[in-house]
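Below is one structure; the comments refer to it alone.
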There are 2 protein chains.
Amino acid sequence: MSTLSGDNRIPRYIRLADSIKQQVIAGVLRPGNLVPSENELSLFYEVAPGTVRQALKELVNEGLLQRVQGKGTYVRRPDFDRSLFRFFKFLGGSDGTVVPDSKILSISVKSAPRHVCGSLSLKKNAKAIYINRLRKLENCPVLVEQIWLSEARFKPLLTLSKNEFGPLLYPIYEKKCNAIVACANEDLTIETASSKTAEALGIERNQAVVVIDRLALGFDERPLEWRRSYGRADQFHYQVDIR
Amino acid sequence: MSTLSGDNRIPRYIRLADSIKQQVIAGVLRPGNLVPSENELSLFYEVAPGTVRQALKELVNEGLLQRVQGKGTYVRRPDFDRSLFRFFKFLGGSDGTVVPDSKILSISVKSAPRHVCGSLSLKKNAKAIYINRLRKLENCPVLVEQIWLSEARFKPLLTLSKNEFGPLLYPIYEKKCNAIVACANEDLTIETASSKTAEALGIERNQAVVVIDRLALGFDERPLEWRRSYGRADQFHYQVDIR
DNA sequence: TAGTGGTCTAGACCACTGC
DNA sequence: CAGTGGTCTAGACCACTAT
């Protein structure tokens with residue numbers, strides 16, 4: 001048995017929701033885990049079942065939890081299917097659900113540029129893990145990526161050889177570094193290709209490219225990864241629903 | 001007094017929410033209007049107050065209603081502040097909240113191209129209202145727009161002179177044509193500028209431009225307006241939060 | 001059959017708004 | 001002050017899942 005901590009002026013259902021969220025952040029509850037039932041929670045926290053329901057509903061709306069009737073409430077595993085890179089549509093009528101091949105070009109430790117230090121909350125000129133990656137679809141290069149990670153947090157990656165990386169990095173972060181990406185912020189602009197980028201993408205220098213800067217965050221909203229992706233503008237396609 | 005209509009297997013709170021939504025679609029309740037109080041609704045529909053709350057909460061989550069403690073529940077007026085055109089950020093450190101000037105270049109009735117007929121549910125080769133508009137910020141052209149509207153629905157616009165249009169069209173649709181835009185779908189791609197577009201935007205031919213196709217819908221989800229906007233790619237900037 | 005979440009009821013009390 | 005929505009309680013009954 002326990003009592004809800006925190007300011008009594010804050011509604012119980014919010015304090016309860018925060019408490020559950022903290023357990024997800026702390027890793028006590030992990031994605032895929034079953035959350036205690038409404039009944040258990042209402043007994044443990046000494047609140048009415050309705051209040052528990054309200055708290056859980058909040059977290060479901062936030063996307064942190066998932067409820068399945070007859071089974072229980074689960075910690076949701078975030079999927080990045082909606083990520084911008086999925087909005088590249090390519091010749092051959094891809095339905096957009098294909099994950100591009102991914103080839104690690106290099107992985108090393110070096111001084112991070114200032115904007116990366118800022119984004120990842122690192123000290124100025126701190127060393128960080130740098131990954132350069134090329135992604136292809138049907139053997140055609142579609143995306144080059146520059147990825148930066150805190151050295152301390154992601155050290156285990158340095159023990160892996162290039163071909164031990166699969167097509168997706170986030171599952172590796174979770175397995176090897178215990179770092180779960182919960183959400184991200186992406187930022188899209190359009191530039192002209194540098195000769196290096198153009199070469200990697202198989203286009204002419206000065207052709208337009210889409211630049212996507214992404215900052216990936218953990219459940220505690222602390223930054224985990226910063227990446228910049230370059231893609232061919234002529235293959236880019238993005239949809240938004242407003243309201 | 002009344003009883004909730006519809007299939008009894010559907011939860012009451014959903015039937016209630018649908019009923020209120022229908023009244024918004026039908027124009028019985030209009031944006032800004034006060035919705036009857038929880039008490040009134042629970043008496044009128046003969047359901048428990050808690051069920052009314054649940055229905056209203058659904059509609060608030062959907063963005064159709066707004067609740068203000070101590071005052072009441074209102075039909076929400078959709079704002080297009082989040083629309084993509086706001087994501088053009090321009091030299092001079094605009095904070096993005098500025099509405100560009102807008103100049104109607106032409107307004108006429110002509111045969112709509114096939115894709116417009118499809119989007120607006122018009123018959124093939126139907127006549128429609130066509131508006132060509134230029135938008136400037138600090139006297140610098142930033143967007144050229146091609147706008148298509150059903151002739152029947154938007155006939156009152158044809159009686160206006162070009163300078164009677166303000167910087168925003170949607171308030172005019174609402175006032176003059178009783179057409180309220182509730183939501184929209186936008187579609188972003190990147191092309192190279194035609195000579196005509198380049199001239200309007202003050203850039204070179206074949207430079208990259210952002211193309212935004214937007215289909216605006218009413219509360220009943222029927223299409224109201226189709227527009228294509230061209231903007232300078234070098235000034236484009238877009239942000240998304242994932243999850 | 002037992003346990004889960006989903007719906008629904010019928011209240012109590014509080015905080016905020018407007019008069 | 002009366003009326004609104006916001007929080008909280010304490011149940012009842014149902015639908016779904018697992019065993």
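Chain A is the first sequence line, chain B the second, and so forth, proteins listed ahead of strands; every chain is numbered from 1.
- Residues A/Ile10 and A/Ile14 come closest through the heavy atom pair CG2-CG2, 3.9 Å.
- Rounded to a whole Å, the OH atom of A/Tyr74 is 11 Å from the P atom of C/dT4.
- Distance from the side chain of A/Pro11 is smallest for D/dT7 among the nucleotides C/dG5, D/dG6, D/dT7.
- A salt bridge does not link B/Arg214 to B/Glu145: none of the charged nitrogens lies less than 4.0 Å from a carboxylate oxygen.
- For B/Glu38 and D/dT7, the CD to C1' distance is 12 Å, given to the nearest whole Å.
- Look at CG on B/Leu43: it is 12 Å from P on C/dG11, rounded to the nearest Å.
- Contact annotation: B/Arg53 reaches the phosphate of D/dG6 (side-chain N/O to OP1 or OP2, under 4.0 Å).
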Polar atom pairs between nucleotides 17-19 of chain C and protein, under 3.5 Å, N or O only, would you list them?
from   : atom 1 : to      : atom 2 : distance (Å)
C/dG18 : OP1    : B/Lys71 : NZ     : 3.4

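- A salt bridge does not link B/Asp101 with B/Lys136: every distance from a Lys NZ or Arg NE/NH1/NH2 to an Asp or Glu carboxylate oxygen is 4.0 Å or more.
- With respect to A/Phe236, the side chain to side chain contact (heavy atoms under 4.5 Å, CB included) criterion is satisfied by exactly one of B/Leu188, B/Val210, B/Thr189: B/Leu188.
- Residue B/Arg67 has no polar side-chain atom (N or O) positioned under 4.0 Å from OP1 or OP2 of D/dT4.
- Neither OP1 nor OP2 of C/dT4 sits under 4.0 Å from any side-chain N or O of A/Thr73.
- Here the C1' atom of nucleotide C/dC14 and the OH atom of A/Tyr13 are 14 Å apart, to the nearest Å.
- The side chain of A/Gln54 lies closest to D/dT7 when the candidates are D/dT7, D/dT9, D/dT4.
- Residue B/Thr51 places at least one side-chain N or O under 4.0 Å from the OP1 or OP2 atom of C/dT9.
- Look at CG on A/Leu16: it is 14 Å from P on D/dT7, rounded to the nearest Å.
- Between the C1' atom of C/dT4 and the CD atom of A/Gln66 lies a distance of 15 Å, rounded to the nearest Å.
- Here A/Arg9 does not reach the OP1 or OP2 of C/dA15: none of its side-chain N or O atoms lies under 4.0 Å away.
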Could you go through residues 66-73 of chain A and list every donor-acceptor pair under 3.5 Å that involves a side-chain atom there, pairing it with any protein atom two or more places apart or in another chain?
from    : atom 1 : to      : atom 2 : distance (Å)
A/Arg67 : NE     : A/Thr73 : OG1    : 3.4
A/Arg67 : NH1    : A/Glu38 : OE2    : 3.4
A/Arg67 : NH2    : A/Glu38 : OE2    : 2.4

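- Between the CZ atom of A/Arg15 and the P atom of D/dT7 there is a distance of 12 Å, given to the nearest Å.
- For A/Ser37 and C/dT4, the shortest distance from a side-chain N or O to OP1 or OP2 is below 4.0 Å.
- Between A/Arg77 and A/Glu174 there is a salt bridge, with a side-chain nitrogen of the basic residue lying less than 4.0 Å from a carboxylate oxygen of the acidic one.
- Of the candidates A/Asn61, A/Leu16, A/Ile20, A/Leu56 forms a side chain to side chain contact (heavy atoms under 4.5 Å, CB included) with just one, namely A/Ile20.
- Going from atom CG of A/Leu41 over to atom P of C/dT4 covers 10 Å, rounded to whole Å.
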